[in-house]
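This report concerns only the one structure given below.
Start at 1 and go down the list; that is how both ligands and their atoms are numbered. Computed from a prediction, not measured in an experiment: that's the story for all the values here.
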Amino acid sequence: MFPSPHVRDEKRSHDLASEIARVLGRQEAVDTSPIAIQEHSYDCWPVSIKWRQQKHTPFPPDVIVRPESTTEVSTLLAWANTQRVFVTPWGLGSSVVGGPIAARGGICLDLSKLNRINKLNHEDLVVRAEAGVNGGTLENYLNELGLTLNHSPQSLHRSSLGGWVATHATGQFSSRYGGIEDLCAGIRGVLADGTVFDTGSAPRKAVGLDLRHMMIGSEGCLGVITEVALRVFRKAEHRELDTISFGSIEEGINACREIMQNGLRPFLLRLYDVDEARHAMGDKSFETPVMFLGCEGRSAIAKLELEYCVDICQQNDGRSLGVTGVSAWMERRFDFSKIESVLDNPGGVAETIEIANSWSGITQSYFALKSALASHADEVLGHFSHAYTNGISLYFIILANTADAIASEARLWKIWRTAMETAIATGATISHHHGIGLARSSYVARELGSAIRLLKDVKSVLDPNGILNPGKF
Ligand SMILES: Cc1cc2nc3c(=O)[nH]c(=O)nc-3n(C[C@H](O)[C@H](O)[C@H](O)COP(=O)(O)OP(=O)(O)OC[C@H]3O[C@@H](n4cnc5c(N)ncnc54)[C@H](O)[C@@H]3O)c2cc1C
């Protein structure tokens, strides 16, 4: 059930802040300034952006706490657990589903000061860094050493390492390098009662359950991640790119499937429908679906791999347009300003919703969502990315214009309902990488079916008092 608004009480917040400062022995660790409370009441979820534009603050935290070590997180959680105070972790607040919003007040645990890059093991190619480190800072640090994360979410420069793990994030190069579940080698964190754990970072182990997965995708509901070991990579020697146009979206989807099922692993594989292709190519008259394709590694292998990929595209009526379209996209791949400028306008609606389905179901999901969402939007842009041997993710950008922030919030809720219902009806999963947060919390039970029992039992054992990120899954 969607949580009721939380009413913040100044006196209670002040008392809570004084007590936490005493417990941590550090006054600077707590913050109840109006500006900090405001900043931590909204994330990047368009619904929360519309709340801010309406000057509506349904879920303010009572106090912000900024720990500087795992020990401080442990001390705080042990105390909060005995006092039954809610704690909602906050990475860098780039969630687009309301994940770090403190739905029942209490402590917003801002991890941005846990931001040290602790150790790089060159021989193993594993970096250990604290959870609050900014993704862009980590990538720049590695780049100077000739290395790279190969985890490249569009939010790279505005999201944290711990946030990636907590949300089960993925990036633009996942078709070759995988999502965060493939890149995360180990996790250090703190359970609700203050217990510190470390999963180690063996290349693989068969010692019972893979305990990293208790935290990957846990969205701050099962523990607080304080340090992560990540597999990193040498920067590729060479990249080959191409832009391919297709006669129909079905042929493009088929080419993606053939590429993956033939064992090819392009680092870049994105297929835009004709409506999004116009934006992706920056050409209003562009008239076909388009694929951005890239292969990398040792020069000769990358060239050959791209040749095989293009060959498969040609067998599916694809036509090579050269590097211009895809190169321009590579340059602006972190730019989100067009969506932001729509959202800045109180009546502007811009929502991004990602789902996934198997190859056998994805085309049906695409056409059903495209048509269902059209009745709530001026434009419904669709693209396929993050491909696997058994399926692919599907991402929609939904754009509309309404009278004001109230109308645009109402429209966003309709869009969410329509997208979730249609995804479930066509057998798709309701989220590929943005996660649950507040946006999808009402649909989790239907998605998981009988498996929800596992999630409930894990939650009740790891967080028996329900203090961690309440009101979410
Ligand atoms: C422009 C834009 C582009 C985006 N592109 C992508 C993309 O390409 N791929 C993708 O996967 N996502 C993308 N996102 C979504 C978002 O960036 C990711 O979900 C990201 O992983 C969130 O990281 P964060 O540090 O901002 O976490 P927050 O938003 O602060 O928190 C997200 C969730 O994780 C929990 N959490 C955060 N840190 C911790 C921790 N240390 N321990 C326990 N729980 C924690 C929070 O409680 C919350 O539930 C995009 C968002 C934006 C705004």
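- The aromatic rings of Trp51 and Trp45 sit perpendicular, their planes meeting at an angle over 60°, well past the 30° parallel limit.
- Screening Phe396, Trp359, Tyr366 for a ring pair (Phe, Tyr, Trp, His ring centres under 6.0 Å) with Phe384, the sole residue that qualifies is Tyr366.
- Contact residues for ligand 1 (protein heavy atom closer than 4.0 angstrom to any ligand atom): Cys44, Pro89, Trp90, Gly91, Leu92, Gly93, Ser94, Ser95, Val96, Gly99, Pro100, Leu111, Ala131, Pro153, Gln154, Ser155, Arg158, Ser159, Ser160, Gly162, Gly163, Trp164, Ala166, Thr167, Ala169, Thr170, Glu219, Gly220, Gly223, Val224, Ile225, Phe336, His433, His434, Asn469.
- With a 6.0 Å cutoff to the six-membered ring centre and a 45° limit on the axis angle, Arg239 counts as a cation-pi contact of Phe267.
- Residues passing the side chain to side chain contact (heavy atoms under 4.5 Å, CB included) test with Asp198 are Arg128, Arg188, sequence neighbours excluded.
- For Thr199, the side chain to side chain contact (heavy atoms under 4.5 Å, CB included) partners at least two apart in sequence or on another chain are Ile187, Phe197, Leu211, Arg212.
- Under the ring pair (Phe, Tyr, Trp, His ring centres under 6.0 Å) criterion, His432 pairs with His386, Tyr388, sequence neighbours left out.
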